[in-house]
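All values below come from the heavy atoms of this structure, side chains included, with hydrogens, waters and symmetry mates left out. The first residue of the sequence shown is numbered 1, and numbering continues consecutively from there.
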Amino acid sequence: MKHLSTLRARFALGVAGLLLVALLAFGALVYISLSRSLKAGIDDSLQLSAAQANAAVNIEDGAITVADGIPETSAIAGLQDRGFTIRVLNVAGQVLQAVGPYHALPVATTDIDRAVQRQSFFTTVTASTDGNAVRVYTTPVIEHEHVIGVVQVVRTLEEVEDTQQRLLAVLLISIPMLVSGAAVGGYVLAARALRPIDTITRTARRISAEDLHARLNLPPTDDEVGRLAATFDTMLERLDTSFQRERQFTADASHELRTPLAAMQTILGVIREQRRTPEDYERALDDLAQETNRLRALADDLLHLARGEASLLIGEREVVDLTMLLQDVTDSLAPLAEAKGLNLRCETPHPLLVCGDRDGFIRLFVNLLDNAIKYTEYGGITVRALMGNDSTDVVIADTGIGIATDQLPHVFDRFYRVEASRATQGAGLGLSIAQQIAHAHGSTITVQSATGAGTTFTVRLPRHQ
């Protein structure tokens with residue numbers, strides 16, 4: 001029963017069942033059609049023989065001449081040789097003359113009565129001599145509009161019954177053989193077609209979160225199973241990449257969290273070695289506050305990344321005046337730029353409307369501007385908004401240290417920091433958060449830079465209709 005529950009077994013049984021129904025219907029159709037055709041052929045031969053016999057009957061003075069009722073003509077001899085029985089009867093039902101193997105067949109009174117009424121008809125009876133079914137054709141002999149006798153032509157149905165029995169035997173033997181062959185063939189074909197699914201099952205059982213490198217690597221085929229195998233391999237590739245990224249994220253987060261904690265532990269260890277002056281305690285508390293702020297900022301960034309789904313990253317969407325928002329963000333960060341002697345300018349048309357989460361936009365542009373201020377030592381930062389046909393581009397350009405071309409593809413990776421920026425405070429999460437916010441709004445963010453030539457970030461936002 002366990003094997004019958006498999007998909008290949010059900011497929012084979014289904015194919016066999018459908019074929020059985022089709023063959024039974026086809027066999028019944030062939031059997032009935034052949035039987036009718038054979039019987040129709042018998043009836044046609046009986047009618048033709050009766051016409052020949054009727055024409056051979058000698059009639060004198062309105063009566064059948066008994067002595068010459070059925071003359072031994074070549075036609076009559078030929079009919080007799082082919083197994084026909086010919087009888088001539090009078091209207092009283094008496095046999096005047098008969099030739100053939102069934103000449104002694106009983107005469108039915110009802111047949112004579114119908115013939116006297118000028119009816120020609122077929123009947124099927126059982127012969128008493130051999131027990132075979134015979135076909136009888138009865139037709140009247142008419143002279144001057146009067147029925148003067150009856151002609152009956154009889155032929156056995158043994159050949160028809162033999163043919164029917166042989167056909168039935170062939171059907172009873174061939175149908176089970178064909179159905180069995182179809183079931184075996186269906187099982188083999190199903191097993192071959194489902195073999196990749198077995199491979200998928202075994203591979204899925206082997207896979208765990210620690211080992212996602214297994215692949216099916218089946219030959220590519222343009223069918224449902226082939227597409228399933230390709231999709232499964234693609235899914236494994238995505239899962240492997242995702243798990244690797246999460247493991248890297250966990251390792252990087254642990255490293256970044258360990259750094260301020262180690263610094264705090266060191267400060268506390270040093271300050272507890274001996275009694276210090278109030279000034280030393282104040283400096284230690286300041287250092288601890290700085291590390292605490294760094295730890296809090298890192299925890300906030302990690303929380304934003306953990307809520308990276310678009311539905312969680314942004315709040316309720318609304319129409320936002322991007323001109324005022326960019327101006328407010330620029331004004332809030334102006335003191336940081338002025339402290340480094342940088343010129344921070346905001347050039348935006350008025351008004352400029354977009355649809356999204358105001359807090360999300362603020363976090364996005366604050367991260368980009370804060371990043372630009374950190375890595376710019378001289379010159380300035382320019383914020384521009386450009387209106388297009390279907391989008392609004394916000395361009396943030398600085399004159400900072402720039403990014404090497406080979407490092408540009410990684411600037412949005414979590415915890416990634418170029419070598420030149422290692423001395424600058426930060427965890428390397430700001431650009432990742434900015435990219436997530438942009439994607440959550442259906443926007444894109446791109447970067448163009450070169451070492452020593454500054455950096456330009458472009459955020460393309462869909463225009464509010």
Side-chain angles (χ1 to χ4, degrees), residues 10-55 75-87 98-103 105-108 110-115 117-140 150-190:
R10 293 201 301 269
F11 178 80
L13 291 176
V15 170
L18 290 176
L19 184 61
L20 177 62
V21 173
L23 289 178
L24 288 177
F26 178 74
L29 178 64
V30 170
Y31 184 84
I32 294 173
S33 298
L34 180 63
S35 298
R36 289 181 177 178
S37 177
L38 292 175
K39 290 179 179 179
I42 293 292
D43 290 346
D44 291 340
S45 63
L46 288 174
Q47 283 183 318
L48 179 61
S49 301
Q52 293 177 347
N54 205 334
I76 298 301
L79 292 175
Q80 186 176 359
D81 293 339
R82 294 203 303 272
F84 288 93
T85 297
I86 303 173
R87 300 193 305 182
V99 293
Y102 297 104
H103 61 276
L105 192 70
V107 178
T110 54
D111 292 346
I112 301 300
D113 294 338
R114 293 179 61 185
Q117 297 176 5
R118 301 188 179 187
Q119 295 182 18
S120 298
F121 52 92
F122 294 95
T123 55
T124 302
V125 297
T126 302
S128 58
T129 55
D130 54 12
N132 293 326
V134 294
R135 189 73 165 164
V136 181
Y137 179 68
T138 305
T139 183
V150 177
V151 172
Q152 284 187 331
V153 181
V154 183
R155 187 175 181 181
T156 180
L157 295 178
E158 183 179 2
E159 293 182 1
V160 174
E161 292 177 348
D162 289 342
T163 303
Q164 289 176 331
Q165 291 176 358
R166 287 196 299 271
L167 175 61
L168 183 61
V170 170
L171 291 176
L172 292 177
I173 294 174
S174 61
I175 288 178
M177 292 178 61
L178 290 174
V179 171
S180 300
V184 174
Y187 187 88
V188 173
L189 291 177

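Taking 4.5 Å as the limit, some side-chain heavy atom of Ile175 sits within range of a side-chain heavy atom of Leu20. Between Arg135 and Val160, the closest side-chain pair of non-hydrogen atoms is not below 4.5 Å. In this structure, Gln47 and Phe122 have side chains that are in contact, with non-hydrogen atoms separated by less than 4.5 Å. Side-chain contact between Gln152 and Leu105 is absent, with no heavy atoms from C-beta onward closer than 4.5 Å.
Summarising the geometry, atom CG belonging to Leu46 is positioned 5.5 Å from atom CZ belonging to Phe84; distances are rounded to the nearest 0.5 Å. Summarising the geometry, atom OH belonging to Tyr102 is positioned 3.5 Å from atom OG1 belonging to Thr156; distances are rounded to the nearest 0.5 Å. From Phe26, atom CZ reaches atom CG of Leu19 across 11.5 Å, with rounding to the nearest 0.5 Å. For the atom pair CG of Asn132 and CZ of Arg155, the computed distance is 13.0 Å after rounding to the nearest 0.5 Å. Atoms CG and OG1, on Asn54 and Thr139 in that order, are 6.0 Å from each other to the nearest 0.5 Å.
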Check the pair Thr163, Leu167 against side chain to side chain contact (heavy atoms under 4.5 Å, CB included), reporting the backbone distance first and the verdict last.
-> CA-CA 6 Å; Thr163 303; Leu167 175 61; 5.6 Å; no

Please step through side chain to side chain contact (heavy atoms under 4.5 Å, CB included) for the pair Tyr187 and Val15, ending with a clear verdict.
-> CA-CA 9 Å; Tyr187 187 88; Val15 170; over 6 Å; no

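Counting heavy atoms of neighbouring residues, nucleotides and ligands inside a 6.0 Å radius, atom CZ of Phe121 exceeds 12 of them.
Between Ser49 and Val153, the shortest heavy-atom distance links the atoms CB-CG1, 3.8 Å.
Not one N or O on the side chain of Arg114 forms a donor-acceptor pair closer than 3.5 Å with the backbone of Thr138. The main-chain N or O of Ile42 is found under 3.5 Å from a side-chain atom of Ser45 such that the two form a donor-acceptor pair.
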